[in-house]
Amino acid sequence: MANPSIEEDEEAMEKPLLSSSDTEPPNSKGGIRTLPFILANEAFERLANYGLQPNMVLYLTREYGLRAATAANVQFLWSAATDFTPIVGAFLADSYVGRYPMIGFGCILCLLGTVLLWLTTIIPQARPFCDQFSFRCTNPAASQLLILYSSFGLLSIGAGGIRSSSLAFGVNQMDTTKNPQGDTKRLSSFISLYSVVVNISIFISFSCIAYIQEHMGWNVGFGVPALLMLLSVISFFLASPFYIKLKPETSILTGLAQVVVASYRNRDIQLSSSDTIEYYHTKGSIPAPSEKLRFLNKACIIRNDQQSLTLNGIVVSDPWSLCTVNQVEDLKALIWIIPIWTTGVFMFLTTSQSSFPVIQATSMDRHITSSFEIPAGSFGMFVVVSMSLWLCLYDRIILPLASKIKGQSVSLSSKNRMGIGIFLGCISMSASAIVESVRRKRAIQQGFSDDPHALVNMSASWLIPQNIFLGVAQAFNAIGQIEFYYSELPKSMSSIALSLNLLGSSIANLIASLIISIVDDITKRGGHESWVSDNMNQGHYDYYCWLLAGLGVVNFVYYIACSKAYGPCKNQGITI
């Protein structure tokens, strides 16, 4: 006998995407029919944005004559802005403009950014003149750099508009009030599918689009992302009449800010152990604030001069002067995890090093066969592949096998996973340093000390292990971070989890930019060659990697201290 739920799903799949169901009014909104358009919008945006990143350092150094350290700094700042703008976009979408206008705004800006960047490849006056044989360029004019940096700015702001609201907007289309059980399953499937779509898009960007740029030139290589972004815009707006467009509500960030302001305004209140539950604004599930970070409790204490009761006994007051106990506890929970969050910031330092490995790969033999070679910017795909494979291996094989052996459910706690990720990040940077030391030594032995563009007789497959370590490190740390935030923060702050990851990545890119500037400035003093010199054969990129590996070791020790100070997690797994 057939399963009714399966038959219902099959019937739903056979219906046209933009047609209403038999049980819904013709003008009904939302539902599964809108999700493919939202997923397509996100997929094409990721393809366009990530497709521009792998080889960007080569475009900046070869077409604009920027120093390698300067080009790396540009990419660091671009990545920092791209990771930070979704946080701002989420706040604006939730509090003021709504998610549909925010995504639409982001689509238009992203399209303008990709088109503007593509124009720099087809209009000779938009970039400085470069001799393709000597690799020397005239200094770029201020107007040329303005066009270039404006395109990066438009891309970052646009990506922030889309990524801040895309997943949440898709969730809005699933109405769980009519069929909670069925729609909840579809909701879970949509979130999983969303993650798969993002990872596949990144993989294609690092492989196919990077290949196009290397073999068909910048005109075509940057034109493809512009075309993809156009498809992203069309995909989103095509289903506009069928979207559920919810009005903005107060953001959780506003509530947290109110606690800070209210506690400052009430700083003259004297806290004592004699305070009772009647003195607290208890509009929520928590009757009284905790004892940790007690100074914040002043934000939810009711004073006679600010107390105002309705006929039903409900407290009515200025939320910037009196907050609820739940608001206070939400902020405390966020503050309490900040030390561990900072360890994730330094972990992101290793994952943000994408510029110099591309230059490194261009000087090595990248041939797989006599007629095919891996593009220099495509080695980042090994990070994505190893991360995805490890997650599947860990969830589907390792944990079930360990649980079977122990006879009970087994899993690593989120804190253990974060620690392992930080340690593997150190291993990745150490491997990178060793490979670069070997590459540089061979380049000098082969007489290429003064020729940074010479091809060293060394296979680029040496770069694969460090990328695999990095991918597995991300699988442990990044996923562990999200699990930690979701389990330790209240449910009302679930949206903060992703924001914390993005904020950490943004700050890490800013720190990476600062570190590389300091290293470049200090190591080239006295006429010495900079560690991050344009000529990697004379510089010491291996020393730079050892420096990052050393910072990773310090961060690992710091993480152990923070982990012990925090105490056990709410959902502590069994260590295996």
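Both backbone and side-chain heavy atoms feed into the values below; hydrogens, waters and symmetry mates do not. Along the sequence shown, residues carry numbers from 1. Just so we're clear, the structure is a prediction, and the values are computed from it rather than from any experiment.
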| said: Is it the case that the ring center of F346 lies less than 6.0 angstrom away from the ring center of Y559? | reply: no

| Roughly how far, to the nearest 0.5 Å, is the CD1 atom of I103 from the OG atom of S164? | 7.0 Å

| said: Is it the case that the side chain of K292 and the backbone of A333 share a donor-acceptor pair, with hydrogens and angles ignored and the cut-off at 3.5 Å? | reply: no

| task | Under the side chain to side chain contact (heavy atoms under 4.5 Å, CB included) rule, collect the residues that match up with Y558, sequence neighbours excluded. | result | P339, T342, T343, N555, C562

| For the side chain of S166 and the backbone of R163, is there at least one donor-acceptor N/O pair under 3.5 Å apart? | no

| said: Are F484 and R417 packed together at the side-chain level, in the sense that at least one heavy-atom pair is separated by less than 4.5 angstrom? | reply: no

| task | Count the heavy atoms of every other residue, nucleotide or ligand shown that sit under 6.0 Å from OH of Y59, and state whether that count exceeds 12. | result | yes

| request: Verify whether one side chain among Q353 and Y544 offers a donor that lies under 3.5 Å from an acceptor in the other. | output: yes

| query | Is the backbone of L503 close enough, under 3.5 Å, to the side chain of D83 for a donor and an acceptor to pair up by distance? | reply | no

| said: With rounding to the nearest 0.5 angstrom, report the CE to CD1 distance, M229 to I234. | reply: 10.5 Å

| task | Taking the side chain as every heavy atom from C-beta outward, state whether L155 and W78 have any pair of such atoms under 4.5 Å apart. | result | yes

| task | Determine whether more than 12 heavy atoms belonging to other residues, nucleotides or ligands lie under 6.0 Å from atom OH of Y243. | result | yes

| task | Look only at the side chain of S386 and the backbone of V383, and say whether a donor-acceptor pair between them is shorter than 3.5 Å. | result | yes

| task | Run the ring-centre check on Y211 versus F372 and record whether the distance is less than 6.0 Å. | result | yes

| message | Using every non-hydrogen atom in the two residues, find where G377 and F206 come nearest and quote the distance to one decimal. | response | O-CD2, 3.5 Å

| query | Given the side-chain rings of F476 and W390, with only the six-membered ring counted for Trp, is the space between their centroids under 6.0 Å? | reply | yes

| task | Output yes when a side-chain donor or acceptor of Q213 lies under 3.5 Å from a complementary backbone atom of F222, and no otherwise. | result | no

| query | Any sub-3.5 Å donor-acceptor pair from Q481's side-chain atoms to W341's backbone N or O? | reply | no

| query | Does atom CH2 of W336 have more than 12 heavy-atom neighbours from other groups under 6.0 Å away? | reply | no

| Nearest heavy atoms of P54 and V358, plus distance in Å | O-CG2, 3.3 Å

| Atom CZ of F469 with >12 non-hydrogen neighbours under 6.0 angstrom | no

| note | Closest non-hydrogen atoms of S513 and N73, given as atom of the first, atom of the second and distance, are OG-OD1, 2.6 Å

| field | Atom CZ of F423: over 12 foreign heavy atoms under 6.0 Å | value | no

| said: Looking at A81, is its backbone amide N or carbonyl O close enough to the side chain of T85 to form a donor-acceptor pair, meaning the two atoms are under 3.5 Å apart? | reply: yes

| task | Please report the C-alpha distance between E45 and N41 in whole Å, then the side-chain angles of each, then the deciding distance to 0.1 Å, and finally whether the side-chain hydrogen bond (donor to acceptor under 3.5 Å, both in side chains) criterion is met. | result | CA-CA 6 Å; E45 182 273 321; N41 167 254; over 6 Å; no

| Parallel, tilted or perpendicular: which fits the ring planes of Y100 and F169, with parallel below 30° and perpendicular above 60°? | tilted

| said: Under a 3.5 Å distance rule, please check whether S428 uses its side chain to pair with a backbone N or O of Q466 as donor and acceptor. | reply: yes

